[in-house]
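Each remark here refers to the structure printed beneath this line.
Every number for a ligand or one of its atoms is a count from 1 in the order of the listing.
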Amino acid sequence: MLKKILAGFTSVALLAAAPAWSAVPAPARDNMSHALAVTGKVATPLTLKVADLRQLPPANGGEIAVTRHNGDKAETITSYKGVRLRDILDKAALDAPGHNDAKKIAIIATATDGYAVVFSWGELYNSPAGEGVIVYYEKNGKALDDGDGEIALISAKDIRTGPRHVKWLNAIEVRKLVE
Ligand SMILES: Nc1nc2c(c(=O)[nH]1)N[C@H]1C(S)=C(S)[C@@H](COP(=O)(O)O)O[C@H]1N2
Ligand SMILES: [Mo]
């Protein structure tokens, strides 16, 4: 009963307050990713800031067009600097002790806005695509700004590079899909 009264009171209060709030423009959403969490089936979960990523072996790329799934060009990146996703996963050490465990692993890369893309162990470690999957923190010679920073990911060998270009990357989850 008390709950009901309180709930009623709250909604009346909200209704009364609404016109005043709607007059104030909503603040721009801050999508910036300030760190990358590496979690799931790993021996050592990690939280990596840009300064930590800079300590890992650098992987650089030259000019690359970011193309949407329909072929439209989203942007052209002149150069980028980061770390191969494989090297990050090796630092965390995949928890896959059985002979066939690694083959059942998916790697999910997620951004602050909820955008997420999937890689497989086979793709990263046993196909030409793996070489081009790079977590980057510099674009065109500069730190990433709020358009896609502080940390992002690109899969440079994809046919269309847009879909797995993850802006505001903040998590890498290692998941074993099949027991
Ligand atoms: N974090 C995040 N990254 C993202 C997206 C998104 O919605 N959120 N969209 C993706 C898609 S589908 C494409 S094609 C490219 C280019 O997107 P744009 O159309 O926003 O330039 O960014 C990709 N990266
Ligand atoms: Mo897209």
**OP:** Using a strict 4.0 Å threshold on nitrogen-to-oxygen distance, state whether E131 and R86 make a salt bridge.
**Re:** yes

Subject >> Neighbour list for ligand 1 [protein residues, heavy atom under 4.0 Å] >> reply: R68, A74, A111, D113, Y115, G162, H165, K167, W168

Original post:
In chain order, what residues pass the side chain to side chain contact (heavy atoms under 4.5 Å, CB included) check against P58, with sequence neighbours excluded?
Top reply: N60, K81

Original post:
Are more than 12 heavy atoms from other residues, nucleotides or ligands located less than 6.0 Å from atom CZ of R175?
Top reply: no

Original post:
Excluding sequence neighbours, so at least two apart, what forms ring-ring contact (aromatic ring centres under 6.0 Å, His included) with Y136?
Top reply: Y80

Original post:
Got a sec, which pairs hit ring pair (Phe, Tyr, Trp, His ring centres under 6.0 Å) with one end in residues 157-179, sequence neighbours left out?
Top reply: none

Subject >> Criterion side-chain contact (heavy atoms from CB on, under 4.5 Å) against L36, the qualifying member of L153, V50, I88 >> reply: I88

